[in-house]
Visitor: 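Quick one: the structure is below, questions incoming.
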There are 2 protein chains.
Amino acid sequence: MANEAGALCISSTNLAEFIGVNSCQIRKDFSYFGYLGIRGSGYNIEKLIKKIKSILKITVVQKAALVGVGNLGSAILSFPGFAVYGFNIAAAFDVSPQKIGKKINNVKIENISKLWILKRKKVNLAILAVPSEAAQSTTEKLVKAGVKGILNFSSCYLSVPKKVKVITTDIAMELARLPYYIPAG
Amino acid sequence: MANEAGALCISSTNLAEFIGVNSCQIRKDFSYFGYLGIRGSGYNIEKLIKKIKSILKITVVQKAALVGVGNLGSAILSFPGFAVYGFNIAAAFDVSPQKIGKKINNVKIENISKLWILKRKKVNLAILAVPSEAAQSTTEKLVKAGVKGILNFSSCYLSVPKKVKVITTDIAMELARLPYYIPAG
DNA sequence: CTCTGTGAAACCTTTCACAGCG
DNA sequence: CGCTGTGAAAGGTTTCACAGAG
């Protein structure tokens, strides 16, 4: 049984169709996680979610800091989607005196010079939404504050020690990928 | 000669180091574009940029529409980064009467029921920043309005005709990828 | 009979290593 | 001598096809 709300299981064929890939892709990938399907019925959805969350290490609530409360940063602070994956924006920082002290979505904006408190607060993850010019220097402060993972929204390459992981997502570049697929006319 | 500001050429080794990949990767990839390097000196930077822009079809200014002027949508409207790739946000749409008629960054927010004007305005690209519940139905309206490419910020899969290209970028999912790389402790 | 899990085959990407141009 | 461009080798991923569990 593999269908809409209330279903306990989903087959590789159904799941593949749903996300637009081939069904053996799903089976091969899941097989690397061990035996988690039931022959004849498919994959138990709850078990699958638990397994994926445990692989991604998002079983417990993860604290993240936001650095740079401009337009994008404010949008991120108000973004409801993080809760789905169990994220909690535990702190926000900016340089602008007009912003420091204000609260957005119940998170108080701190002076960026106080980044070191992340170490004490045991915040491992940071979302970097500062202008490109400030990206590398802010990254270095984050690394000093003990941050181990950075989600970088600036369009530049960040140089970090090997133990720190950076994921860059450049909105303008994503948009720039679209015209390639569109026939002229 | 391949170095800082003012340089005309960059070698595969330099470029590779700069973006964190292997140099033969660069040479092999560029070789598919034809002969564009100069043995002994490297790749002419200006020529390289032109070539990449022509492949991506971003040599002329591309018009894009924004749909959904919430927190994220407003941030996108004020985002200066699109100009780098020659994008122009030519129109913005929302459902909320409080927002319709207002201007952000010199773009007037229109009623979403007027999406059809995109056809007349020859806008091929749309940035979708509406709540997940509205994503599929808004997509269908965009397709009817002749949009050929959609940059989707909602976390859901969009079903579209084959001739339409969707690129999804889920901010929360990007953040969810980070903990995997971080050793427990 | 349905659907998983998996070897084997096909396909694709990355790296090596070097001939040869500027 | 420096650096590109490229065959060949290595490495990785996707698809096929089917045995066998439920």
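A, B, ... follow the sequence lines: proteins, then strands. Residue 1 opens every chain. Only this structure's heavy atoms are used, side chains among them; waters, hydrogens and symmetry mates stay out.
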Visitor: Could you state whether V60(A) and Y180(B) fall into the same hydrophobic cluster, counting links through intermediate Ile, Leu, Val, Met, Phe, Trp or Tyr residues with side-chain heavy atoms under 4.5 angstrom apart?
Guide: no

Visitor: Let me know the distance between CD of E17(B) and C1' of dC3(D), rounded to the nearest Å.
Guide: 15 Å

Visitor: Return the value, rounded to whole Å, for the distance between atom CG of N44(B) and atom P of dT4(D).
Guide: 13 Å

Visitor: Going by side-chain contact (heavy atoms from CB on, under 4.5 Å), L128(A) matches just one of L142(A), L66(A), V166(A). Which one?
Guide: L142(A)

Visitor: Write down the distance between CG (L36(B)) and P (dT6(D)), rounded to a whole number of angstrom.
Guide: 11 Å

Visitor: CZ of F30(B) versus C1' of dT6(D): gap in Å, rounded?
Guide: 16 Å

Visitor: Whether Y43(A) contacts dG5(C) is assessed here as follows: a side-chain N or O lying under 4.0 Å from the phosphate OP1 or OP2. Is that the case?
Guide: yes

Visitor: Can you tell me if Y157(B) has over 12 outside heavy atoms packed within less than 6.0 Å of its OH?
Guide: yes

Visitor: Separation of F33(A) atom CZ from dT6(C) atom C1', in whole Å?
Guide: 16 Å

Visitor: Heavy-atom nearest nucleotide on DNA chain D for N22(A) versus I38(A): which residue maps closer to 5'?
Guide: N22(A)

Visitor: For the pair F82(B) and F79(B), name the ring-plane relationship: parallel under 30°, tilted 30 to 60°, perpendicular over 60°.
Guide: perpendicular

Visitor: Taking the nucleotide of DNA chain D with the nearest heavy atom to each, does S12(B) or R27(A) sit closer to the 5' end?
Guide: S12(B)

Visitor: Between C1' on dT13(D) and CG on D29(A), what's the gap in Å once rounded to a whole number?
Guide: 9 Å

Visitor: For the pair made of OH in Y32(A) and P in dG7(C), what is the distance, rounded to whole Å?
Guide: 10 Å

Visitor: Base, sugar-phosphate alone, or nothing: which one does I26(B) contact when heavy atoms must sit under 4.0 Å apart?
Guide: nothing

Visitor: Grab the CG-C1' distance between L8(B) and dG22(C) for me, whole Å please.
Guide: 16 Å

Visitor: Please classify the nucleic acid contact of Y35(B) as base, sugar-phosphate, or nothing, using heavy-atom distances under 4.0 Å.
Guide: sugar-phosphate

Visitor: Given dT13(D), is OP1 or OP2 found less than 4.0 Å from the side-chain N or O atoms of Q25(A)?
Guide: no

Visitor: Give T13(B) one of three labels, base, sugar-phosphate or nothing, depending on what nucleic acid heavy atoms sit under 4.0 Å from its own.
Guide: nothing

Visitor: Could you please name the option among dT4(C), dG2(D), dT15(D) that lies closest to any side-chain atom of R39(B)?
Guide: dG2(D)

Visitor: Between S113(B) and N111(B), does any side-chain donor sit less than 3.5 Å from a side-chain acceptor?
Guide: yes

